[in-house]
Structures are given as C-alpha cells and as structure tokens.
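Quick one: structure below, then a few questions.
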Amino acid sequence: MEKARVRRILVEQARAARRPGWLEFWRRFRRNKMAVVGLFIAGLMFFTGIFAPWLAPYSYRETDLDAVEQMPSWKHPLGTDELGRDQLSRLIWGARTAVIIAPAATLVGLILGLLMGALAGYLGGRVDALIMRLADLLFAFPGLLFALLVAATIQPRVEAWLRAIKGLEGFVKAGYAQVLVVIIALSAVGWPGMARLVRGQILLLKEEQFVEAAVAIGASPWRIIRRHLLPNALAPIVVAVSMGMGGAILAEATLSFFGIGIRPPTPSWGSMIYDNYSFWRHPAAPVLLWVPGLVVASLVFAFNFIGDGLNEALRPGS
Amino acid sequence: MGKDRWLWIAIAAVLLSCLLLTCFGGVAYWAYDKLQLGRPEEAERPGPPTPTLQPTPTPTQRVVRREAVLNLPGGEPPTLDPALAQDVTSAGYIVEIFSGLVTLNPDLEVVPDIAERWEMSQDGTVYTFYLRKDVKFHDGKPVTAQEFKYSIERACDPATGSVVADTYLGDIIGAKDKLRGLTKEVSGVRVVDDYTLEITIDSPKAYFLAKLTYPTAFVVDRENVEGPHQPWTDRPNGTGPFSLKEYRLGERIVLEGNELYYGEPKPALEGVHFYLAGGSAMIMYENEELDTTPVGLADIERVLDPTNPLNEELTMVVPTLSTFYIGFNVNRVPFDDVKVRQAFNYALDKDKIINVVMKKMWVTAEGILPPAMPGYNPELEGYPYDPEKARQLIAESEYEDASNFPEIVLSVPGGGGAAARSVTAMVEMYRENLGVEITIEQMEWATYLDDLKAHRFQMFGITAGWMADYPDPQDFLDILFHCESRDNNTEYCNLEVDRLLEEARVEQDRDKRMGIYQRVEKMILEDAPWVPIGHDAEYWLTKPYVKGMIYPPSIIPKLKYVSISR
Amino acid sequence: MLVYMVRRLLWLPVLLLLVGLITFALGLYGPGDPVQVMLGPRANPEAVARVRHELGLDRPFFVQYADYIWKALRGDLGESLKYRGQPVGRLIASRLWVSVQLNAVALALGVALGIPLGMIAALRRNTWLDYLTISGVVAGISLPTFVIAPIIMWFLAFRFRLLPTGGWDGIFSQRIIMPVIVLSTGSIAVFARQTRANVLEVMGQDYVRTAWAKGLRERMVIFRHVLRNALIPIFTILGLMMGSLVTGTFVTETIFGIPGLGRLGVESFFSRDYPVIIALTLLVASSYTLANLLVDVGYWFLDPRIRYE
C-alpha cells in the first residue's frame with residue numbers, strides 16, 4: 001500500500017517535470033476555484049469589449065424619448081435609460097471603454113514603474129535615492145485629489161495637441177481624448193507603487209549568485225536587468241499588474257463619479273453611474289445605477305482573485 | 001511574563017496612538033470651537049459684542065424641536081458679509097439678518113424698507129431717502145444715515161474685496177474711484193441729517209433702485225465690522241427680521257426672531273434651523289426632519305402622482321428669474337448665417353425634452369425673458385417645432401446642406417444634475433432632424449467660465465442658464481445683447497437693438513420702457529443668437545402646519561411671513 | 001536607528017516644500033481661474049483683474065510660492081477663496097475633527113471585526129468558513145463606495161426608512177451608521193485578509209511546529225506564538241490607514257454630505273479654492289509621512305529580527 005503511494009507521487013512528480021511550464025502553471029492556477037471564476041469574468045469583459053459592435057442589440061447613442069426608463073422586457077433585457085437608450089447596449093459599449101482604459105493605464109504605469117524601479121534597484125546610490133524620493137513624493141499626495149488635478153490640468157492641452165496632429169481630429173471627435181486624459185492621470189498616480197515593488201525585488205535578487213556571476217563576466221547593466229533580474233522578479237509583478245487592472249477600472253469609475261472622466265456620448269460604466277447617481281431612489285435605480293455599479297465591482301473582484309490565483313501559481317514555495 | 005513584554009508594548013502603542021489621534025482632533029476642535037460664534041445672550045446685550053470664551057458645548061448636542069421653530073434645508077453660505085455676497089445661497093441668509101434702504105415685496109416690486117420714502121430729482125440722478133427713526137441693530141443701537149454712508153463706502157473699499165460692489169453700486173458718483181482706491185470717500189453719498197441720505201448717480205437709470213435691494217447696499221454696524229472679534233460675520237449685528245444665533249460650519253445655521261424688528265409683519269417664528277450637512281432633503285422631509293423641501297428630478301414623478309399623499313403638500317412655483325438656452329457665437333461658422341441659427345430653433349422639440357427628459361422641471365421658453373420678470377410678454381410666440389422648415393432653411397443658407405458644415409462643438413459646463421441629461425437628448429435630436437454631428441465638450445465649471453469669457457465657444461449653454469440678479473429686463477436684454485456689453489457672449493450686434501436698449505435705460509415711464517424691451521426681445525429672437533429652451537420651475541413640498549410660506553422667484557426676506565400652527 | 005529617524009524627519013520639510021510646489025504649479029497652470037469662479041459668469045474683466053491683484057495672484061510664480069511658504073511658516077495659511085473671509089486653518093480644523101471621528105469609528109470596527117475574522121479563516125483553513133470569509137473579504141475590497149452606498153441607502157433609508165440619509169451629528173447619532181458601514185467594509189476586508197495571510201505564514205514556521213510538538217495546548221500555541229507574531233504586520237496597515245485619513249473619505253463624505261476633510265477637498269477642487277487645496281495636500285502629505293515613520297519605529301520596537309540586522 002505504502003509503496004504504491006510513494007510510487008504514484010514519484011510518477012506525478014516526474015510528469016510534472018516533463019510538462020511544459022505553462023501547463024504546470026495552469027494546473028496550479030486551476031486549484032484556486034475563485035481565480036478561475038475571475039478569469040472567466042475578465043475574459044467576458046475583453047470579449048464583450050472587443051466585439052461590442054456585433055454584440056450590442058441597439059445603438060449606444062440613439063435616443064427614444066417615447067420609451068424612457070422602461071423596466072426590463074424581452075425587447076430591452078435591461079430596460080432603457082433616462083433618454084430611452086437600451087441599457088444593455090450601453091453596458092456592452094462601456095466594456096469597450098474599459099477594455100481600452102484598464103490595460104492601457106496599467107501598461108503605462110507598468111512600463112514607467114519597471115523602468116524607474118529597475119534603474120533605482122540596480123544602479124542604487126544617487127539614482128536610487130532620487131527615484132525613490134520622487135515616488136515618496138507622489139505617494140504622499142492624496143491620490144484621488146491628485147488624479148483629479150492632473151486630469152483637469154492636462155485635459156485641454158491633450159485635446160489641443162490631438163487636434164493639432166493631422167489625422168487625429170476624428171479621435172477627439174469620437175471622445176477618445178478623454179480616454180487618453182484618464183489613462184495619463186491614472187498612470188501618473190499608479191507608477192510609484194510599481195516602481196517600489198520592482199526595486200524591492202531587484203534588491204533581493206542582486207544578492208543572488210547568478211547575478212554576481214553575470215557581473216563577473218562583464219555583462220552590461222542593461223543586459224543584467226533585462227536577462228537576469230526582471231524575469232526572476234516577474235511573479236510579484238504579474239500579480240500586481242492583475243490587481244492593477246481592477247484598480248484602473250475602479251479609478252476610471254471614480255474619476256467619472258466626480259464628472260472628470262469619460263464624457264457623453266462615449267459610454268463608460270463610470271459615467272453611467274455618475275449620470276444616474278442623484279436618482280438613487282428612483283424606481284428605475286436598480287437597473288440604471290446598481291447594474292453598472294455591480295459590473296464595475298465584479299470586475300474588480302475578478303481581477304483580485306486572478307491576482308490571488310497567480311500568486312499561488314507562480315510562487316512554488318507557498 | 002518577560003516574553004510577553006512586546007505584546008504589552010504593542011497594546012500600549014495602539015492605545016497611545018488612539019489617544020494621540022483623539023488629542024490631535026480634540027485640540028483642533030477646541031481651537032475651532034474657541035473661534036466659533038453665536039452666543040445667544042450676547043446678541044441681546046447692548047454695546048459692541050466682545051468675544052468671550054464660552055465652555056465648549058458638547059458636539060453631539062441635539063437640536064431641540066420647538067413649536068415655533070422652522071426646519072429648512074440649507075446650503076453652506078460662502079459668506080455672511082453683505083458687501084461680499086454674490087451668490088444666492090449667501091444672499092438668502094443675509095436678507096434675513098440684514099436689511100437696506102429698499103427691498104422687494106413678494107411680487108418683486110421695490111418697496112420701502114429702512115427708507116420710509118424717497119424723492120427723485122427732475123433729471124433722475126439724485127435720490128433723497130428719508131429713513132425711519134425706529135430702526136435698531138440687533139444690539140439696540142439706532143441706525144442713522146451715517147451708518148449707510150459707512151456701509152456703502154466700506155463695500156466700495158478695495159480692502160473689503162467685494163467683487164460685486166461695482167455691479168450694484170457702480171452707478172453712484174465716486175463709487176468707481178473709491179473702488180480703484182483713488183478716493184477715500186464716495187462723493188455721491190451725502191448725509192443730509194441723521195435721517196436723510198442723498199445718493200447721486202452718474203446718469204438717470206430706472207433700474208437703480210432695484211439694485212439697492214441687493215445685499216451690497218445693506219447697512220452694517222461699524223463697531224461690529226471693525227470690532228476685535230474677526231471674522232466679524234461670526235456675530236453679525238444686523239437690522240433684519242432675524243438674528244444669527246448659531247453657525248456651526250458645515251452643520252447648521254440657527255436664526256432667531258428679532259424682537260427689535262421695525263418692519264411688518266414682525267417675525268412670527270422663534271427660530272429657524274437650516275441643516276447644512278446634506279443627506280437627501282426629500283427623505284429628511286418625509287422623515288419629519290424638515291418642514292419644507294424642494295423636489296428634485298428623482299422624486300418629481302412620485303410626488304406628481306395624485307394618489308401619493310405627498311401630492312397635497314406640493315406647490316409648483318412661478319418660474320424663477322432664469323432662462324436656459326443654447327447660445328451661438330454669431331461670428332463663427334456655421335452660425336454666422338442667421339438661417340442656420342433659425343433652423344436650429346425650429347429643429348428642437350422643446351416640449352418633448354421638457355416633458356420627458358426634464359420631467360417638467362422646466363417650463364418651455366418662447367422668448368428670452370422669464371415669466372416672473374417685469375416686461376415679460378405672455379403673447380410672444382417663439383419658434384414652433386418644425387423640422388421640415390428647419391431643413392428648408394438650411395438648404396436656403398449659404399451652406400446649402402448640413403454636410404457642408406464645419407465641425408460643430410457644443411460646450412457645456414459639466415457637474416451633472418438635472419440639465420446635463422438634456423444635452424445628449426438635444427444633440428441626438430439635431431442629428432436626427434438636421435443630420436448634423438455635434439461634438440459635446442463637457443467641461444468643468446471653472447474651465448467653462450474661462451472659455452466663455454474669452455468667447456472661445458461656437459455653441460454653448462444648456463446646463464448653465466442666465467439668471468437675473470435684480471428683476472429688471474435690463475439685466476437680461478441689455479447685459480446680454482448690447483454690442484458693447486461685456487457679458488455679450490454670443491457677440492451678437494444689432495445697432496437698432498442697441499439704440500432701443502439705450503433708450504430704455506433712461507426711459508422713466510414704466511409701461512413705455514417695458515414696451516421697448518418687448519420690441520427688443522422680438523428683434524433679438526428674429527436674429528436668433530439663442531435657442532431659448534426653458535425656465536426653471538420649482539416644486540416645493542411644505543408641511544400643512546406651515547403657514548404663509550412664499551416661494552418668490554428671487555431672493556427676498558421671506559421668513560417673516562411664515563408661522564407655524566399645528 | 002536614531003540617525004535614520006533624524007534623516008527621515010529632515011526629509012519631511014523638503015517633501016512638504018516639493019508637494020506644495022507641485023500643487024501650486026498645477027493650480028497656476030491648470031485651466032480654470034479661481035477668481036473667475038469666485039466672481040461668477042457676469043464678472044467684468046476689470047473686477048477680475050482687480051481681485052487677482054488684491055489676492056496677489058498676478059505676481060510671478062515663485063514670488064507667490066515663497067510668500068505662501070513664508071506665511072505658512074508663521075502659521076498663516078491664507079484665506080479661502082470660496083468661503084470669503086474664512087481663514088484656511090480654521091476651515092480645515094473644523095472639518096478635520098469630523099473626519100477624525102468618522103475614521104476612528106470605522107477603523108475601530110475594522111480592527112474589531114477584521115482581525116478575528118482573519119484568524120478564524122486561517123485556523124479553519126480550506127473549510128467553507130474560510131472560503132466564505134475570503135470571498136466576502138475580496139468583495140469588501142472590490143465594492144466601490146459609490147456602488148455600495150446607493151444600494152444600502154435604498155434599503156435602509158428609502159425602502160425601510162430605518163436611518164437618515166446623511167448629514168453629521170457627532171458619532172453618537174444614527175447618522176453615522178451608514179457612512180461607517182460603507183467605510184468599514186474596506187477596512188474589515190483589509191485587516192481580515194492580512195491577518196489570515198500572516199497567521200498562515202506564522203503557523204508554517206519552525207518555532208510553531210516546535211510548540212505543537214512540545215504538546216502545548218492549542219490556546220497556548222495560538223495566543224503565545226502564532227498571534228503575537230502574526231499581528232506585527234497589522235500595525236503597518238493600521239498606521240498607514242491612519243495616515244491616509246482624507247483620501248479614503250472623498251467619496252463617502254461627498255455622498256453622505258458629511259462636513260469633513262474629504263468633502264472639503266472635493267468642494268475646493270471644483271471651486272479652484274487653491275489655498276484650501278494646498279493646505280489639505282500638505283496636511284495629507286505630512287500625516288502620511290509621519291505615519292510611515294511611526295510604523296517603522298514601531299517595527300523596530302516590536303520585531304527583534306529587524307533590530308539585529
């Protein structure tokens with residue numbers, strides 16, 4: 001009996017060793033059921049966002065003043081909003097805005113954070129002190145107020161700048177100037193966290209032998225950062241990125257909640273909440289206000305669990 | 001035990017930090033409270049109020065409901081200084097605490113207040129006011145013409161920092177010089193004797209008296225203003241029907257009936273509580289915490305339903321002195337063509353938007369002047385909804401087709417609220433009826449004002465209407481549409497209109513004057529620099545035991561008319 | 001340690017100077033003229049220019065900033081542009097106390113519920129209780145204020161009329177219940193999550209295994225060994241939360257109409273009340289930095305491992 005068990009474990013271990021890395025990773029990730037649910041929700045968002053024009057049953061902007069604030073029906077599964085627009089279609093188009101903003105803001109924050117964090121961590125000394133003091137500085141700001149100020153300040157500039165570039169006027173017309181503004185404001189607030197994380201990882205790894213070996217054979221600092229340090233620091237960064245995506249969706253909604261964000265007619269979940277906020281005791285509030293709110297919440301929820309799952313899957317020790 | 005030392009230190013640290021936190025807050029609160037105002041017994045003591053330290057009241061002290069106390073929703077007033085007030089919230093409190101030479105009655109006519117009568121010279125530039133002899137400040141000190149001279153000069157003093165003195169007092173001779181810091185006195189204000197005041201203005205202006213009803217011209221007590229306790233508005237010593245009893249920043253303002261009040265009727269209420277810290281006023285009303293509340297877009301359908309018991313407590317109020325509109329810059333393409341502007345007037349189904357989107361929180365505007373405004377023309381016919389005609393006009397215009405229009409940007413101040421939702425509806429309506437794509441540029445109020453002043457907009461308005469500061473058509477037509485006016489944001493310029501407006505400025509016969517304004521209004525409508533959309537309508541719920549509540553369309557002292565009988 | 005602390009404290013004024021500079025620059029170069037907002041749409045350009053001059057807003061940037069710093073050093077934070085005649089210090093002091101009380105209650109609730117919840121979840125690992133707690137915790141972190149607030153308002157204030165919708169009347173009033181529920185969902189979640197993770201980590205340590213092996217009673221092991229070591233990182237969070245007093249309450253105070261610092265921040269942003277914005281930013285920056293410092297010092301005392309390094 002006992003021998004059989006030991007053998008089974010040995011066989012399993014051998015298999016695991018032969019399995020490609022990502023399969024093993026997936027096996028570990030799958031163990032966290034909530035993470036799988038999260039992955040499904042996030043996947044749904046990306047799918048909806050990308051295929052919005054084909055999925056939405058109606059236009060997101062055409063109003064019908066003869067059919068406003070209708071309760072859900074077969075024709076309009078989520079009813080209609082205060083201008084008679086189909087609520088479901090607006091939610092679907094809102095996913096597109098989210099699909100643009102969340103990854104973009106996270107990515108810009110990630111790139112900045114990686115760059116700053118890696119430089120600070122690897123070069124150390126003055127550079128490190130300078131970058132980390134800068135991060136401290138940004139941390140000390142009240143985040144939301146800072147994002148609001150940044151958004152309000154750059155807003156007209158970004159618009160004028162986009163209009164000045166030939167071929168991008170249409171971009172402004174379609175309401176994407178605001179999207180850019182939100183992305184910039186969010187990444188300005190977001191990068192210091194990432195930089196700190198990266199720096200911490202790199203400081204840990206610098207002590208490792210393989211780095212010392214690379215230094216000894218005279219590899220360039222850039223190569224060491226790129227080939228040795230970053231790949232090994234990956235796990236916590238990936239987790240942070242996943243959490244950051246949820247954070248970005250939430251932050252966009254918060255900016256919109258204060259009226260500094262995506263503007264009509266571009267549909268966004270945040271501005272749907274903002275538009276209907278003062279109607280929280282209207283009979284249609286559950287559909288008009290709660291639904292977009294819960295969509296935002298469920299995505300933040302999803303990305304949080306994905307982060308947890310990744311954490312467990314990428315850290316073999318835990 | 002030794003092993004547990006760190007645990008104890010940890011617990012101590014938590015307790016200590018809590019303590020520190022509380023102390024920090026406590027010190028802050030003590031400092032704040034020391035500066036806090038309004039001790040009732042001081043208000044009755046004659047002589048200048050001197051600041052004394054009072055024991056700190058408990059922060060949780062609850063407002064006691066008394067029979068003759070009215071509970072109202074209120075906003076945080078940016079100031080209680082009459083000279084500085086420039087917004088409706090501040091003015092709403094100030095007209096109850098202070099008063100001036102003249103005031104407005106509920107029909108918005110200028111009536112005597114501290115001045116019991118006045119005379120105007122033949123050429124209409126010299127006003128002689130005869131003051132009542134029984135007027136006293138809250139502390140019992142009598143009010144004389146000297147006080148008025150002081151108050152007006154103080155309001156015009158650059159050190160006071162009033163930004164509206166120019167608007168309301170700028171017509172007085174010497175006021176502008178004083179504002180620029182060139183003189184010490186305002187030469188146009190002369191004290192004849194203790195109870196006679198003479199004011200000279202630079203040219204005859206029929207609307208001058210209406211301007212004096214605004215707080216800027218109200219009387220303040222010099223000893224109070226220049227007294228040792230600053231800011232003095234913590235304990236304002238006014239002449240109005242109510243005095244300030246307590247003001248807790250962000251929480252509540254408590255007014256108390258002034259027993260020395262000279263006017264009629266005497267205030268019947270013992271006190272008035274304004275609740276500044278939000279929550280929904282509507283819900284507070286339904287929970288019996290407030291005696292009256294405005295009804296907003298979110299609740300209006302529910303309350304308008306006749307089967308709802310609240311329906312009986314509903315009053316719909318005469319539209320206020322405001323008009324919401326779409327403005328065009330008449331020098332910008334494509335709105336440089338009057339036919340395009342008229343087409344935009346025809347293509348908008350205002351009634352539908354007001355009934356469906358605004359849920360009747362506006363009433364349809366045919367013309368420019370609001371219904372409560374003197375000179376309002378009830379027979380005026382605006383542009384009817386006629387998309388066919390609109391398309392035809394565009395075809396006749398120099399652009400021939402909407403597809404030849406350049407990009408159109410509609411700039412509106414953001415901030416949500418009721419009007420915001422109508423913007424999208426209108427843009428969609430234009431798209432459907434005229435085939436034009438309009439880009440909405442929603443900006444923050446602060447940015448909007450900048451750009452509005454700089455005439456940077458092509459098409460603007462909707463969520464920001466125009467509201468009159470004093471009930472005179474001059475405050476609409478002259479200020480907005482005279483070629484030279486600084487507030488002419490549409491850059492509209494018609495010399496014939498200018499000539500008539502200038503004529504109306506000096507016309508002393510009221511009916512003739514209103515006649516001129518009505519003609520002007522028609523001419524402007526014809527040229528269509530605006531699409532007038534609606535006038536604010538207000539809905540109020542009032543408990544049945546509140547008697548005498550009035551809802552004037554402008555800021556006037558109104559609480560003295562109110563009583564409570566259960 | 002002492003050297004380190006002094007260095008950190010010396011950094012604080014530099015930090016405040018820079019934070020003020022950035023806010024000042026954003027204010028000056030940002031769109032929207034505070035004077036124009038103050039004067040309203042019908043103010044004439046002369047009046048705007050005059051008021052700008054009176055307020056000193058027409059001076060060169062660095063002169064304005066130096067003047068501000070100089071006055072601030074003497075305790076004069078200027079006057080609010082929106083609330084005319086109100087000194088900024090007084091405006092902030094009155095609001096600060098409200099925010100402090102609100103946050104203290106929410107934090108206390110977070111600690112009182114979050115830590116036991118996290119412990120139970122960790123000790124009953126992989127049972128339904130654990131899963132329920134984790135999902136609840138993540139939900140608590142994910143639910144934005146502006147989603148949860150209208151929903152509980154709809155139920156508690158509108159549908160069943162149990163509570164008032166907002167306002168402020170001190171901490172012993174019904175009015176505080178809803179904002180505290182909203183604020184504490186987040187902090188309960190954070191504390192529970194952190195406690196669970198820490199307890200699990202500590203349970204895997206050798207000395208705990210040794211304790212079990214020694215045959216100590218369960219209660220003994222958990223209180224003596226696990227809990228004491230697991231709670232240390234909680235102080236970090238507690239400290240940081242105290243430091244970020246304002247930031248957490250922007251939305252909540254706006255929604256519930258509570259006259260605290262968060263609402264003041266939002267209000268002053270929209271009226272471009274820069275004297276208030278700058279003072280608020282400086283307050284947040286210094287409390288954040290000081291809290292960080294306190295946390296570090298606390299660590300040094302609490303965790304012997306750090307001291308011996």
Side-chain angles (χ1 to χ4, degrees), chain A residues 59-69 80-85 90 148-149 151-153 155-157 159-160 163 169-178 181 255-267 271-285 288-289, chain B residues 278 280-283 286 296-303 305 349-359 406-432 437-448 450-451 454 456 463:
Chain A
S59 149
Y60 65 86
R61 56 178 301 186
E62 248 162 59
T63 57
D64 179 1
L65 296 187
D66 293 318
V68 298
E69 285 160 8
T80 59
D81 73 357
E82 73 278 4
L83 298 177
R85 297 171 294 191
R90 286 183 62 72
L148 284 174
L149 279 173
T153 308
Q155 156 89 31
R157 267 149 237 222
E159 227 162 84
R163 274 178 204 277
E169 303 96 333
F171 197 72
V172 180
K173 237 177 155 174
Y176 284 111
Q178 267 76 55
V181 168
L255 283 188
S256 295
F257 179 76
F258 287 108
I260 306 283
I262 310 304
R263 282 113 188 246
T266 315
S271 54
M272 287 168 85
I273 297 172
Y274 170 65
D275 286 345
N276 289 299
Y277 196 79
S278 49
F279 299 88
W280 62 268
R281 53 189 187 278
H282 190 276
L288 295 185
L289 180 57
Chain B
S280 150
M282 178 70 194
I283 304 269
E286 289 182 72
L297 203 51
D299 302 289
I300 189 66
E301 280 169 304
R302 183 159 64 93
V303 177
D305 176 6
D349 189 351
K350 302 180 211 173
D351 289 326
K352 185 144 220 170
I353 287 187
I354 285 171
N355 288 335
V356 176
V357 183
M358 294 302 300
K359 306 197 191 303
E407 187 193 357
I408 299 178
V409 180
L410 165 64
S411 309
V412 296
R421 46 169 58 197
S422 62
V423 175
T424 319
M426 289 183 211
V427 165
E428 279 303 301
M429 200 170 263
Y430 280 132
R431 192 166 73 113
E432 215 170 279
E437 276 288 349
I438 297 173
T439 311
I440 302 173
E441 183 190 27
Q442 203 180 56
M443 38 202 348
E444 238 190 304
W445 183 232
T447 324
Y448 180 84
D450 261 8
D451 289 2
R456 232 169 274 153
T463 49

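These numbers come from a predicted model, not from an experiment. Below, chain A is the first sequence line, B the second, and so on; all start at residue 1.
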**Request:** Output the option from Asp349(B), Ile440(B), Asp299(B) having the highest count of non-hydrogen pairs under 4.5 Å with chain A.
**Result:**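 Sorted descending by pairs with chain A, the first entry is Asp299(B).
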**Request:** Among Arg302(B), Arg431(B), Glu432(B), Glu441(B), single out the residue with the greatest number of heavy-atom pairs under 4.5 Å to chain A.
**Result:**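 Looking at each option in turn, the highest pair count goes to Arg431(B).
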**Message:** Under a 4.5 Å cutoff for heavy-atom pairs, which residue among Ile283(B), Asp451(B), Asn355(B) has the most contacts with chain A?
**Reply:**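 The candidate making the most pairs under 4.5 Å is Ile283(B).
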**Asked** So among Thr63(A), Asp64(A), Leu65(A), which one has a side chain to side chain contact (heavy atoms under 4.5 Å, CB included) with Val356(B)?
**Response**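 The residue from Thr63(A), Asp64(A), Leu65(A) that satisfies side chain to side chain contact (heavy atoms under 4.5 Å, CB included) with Val356(B) turns out to be Leu65(A).
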**Prompt:** Could you state the interatomic distance from CD (Glu82(A)) to CE (Met358(B)), rounded to the nearest 0.5 Å?
**Reply:**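 Nearest 0.5 Å value for the CD-CE distance: 11.5 Å.
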**Asked** Does the side chain of Lys352(B) come within less than 4.5 Å of Asp66(A)'s, by heavy atoms?
**Response**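 A side-chain contact exists here, since the closest heavy-atom pair is under 4.5 Å.
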**Message:** Strictly below 4.0 Å, N to O, side chains only: are Arg281(A) and Glu286(B) in salt-bridge contact?
**Reply:**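 No.
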**Item:** Min side-chain heavy-atom separation Leu83(A)-Glu428(B) under 4.5 Å
**Value:**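 In short, these two side chains do not touch, never coming nearer than 4.5 Å.
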**Item:** Glu62(A) versus chain B, the contacting section by heavy-atom distance below 4.5 Å
**Value:**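 Glu62(A) touches chain B through backbone and side-chain heavy atoms alike.
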**Prompt:** How long is the span from the NE2 atom in His282(A) to the CG atom in Leu297(B), to the nearest 0.5 Å?
**Reply:**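 Between atom NE2 of His282(A) and atom CG of Leu297(B) there are 7.5 Å.
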**Item:** Part of Asn276(A) lying under 4.5 Å from any heavy atom of chain B
**Value:**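 Contact with chain B is through the side chain of Asn276(A) alone.
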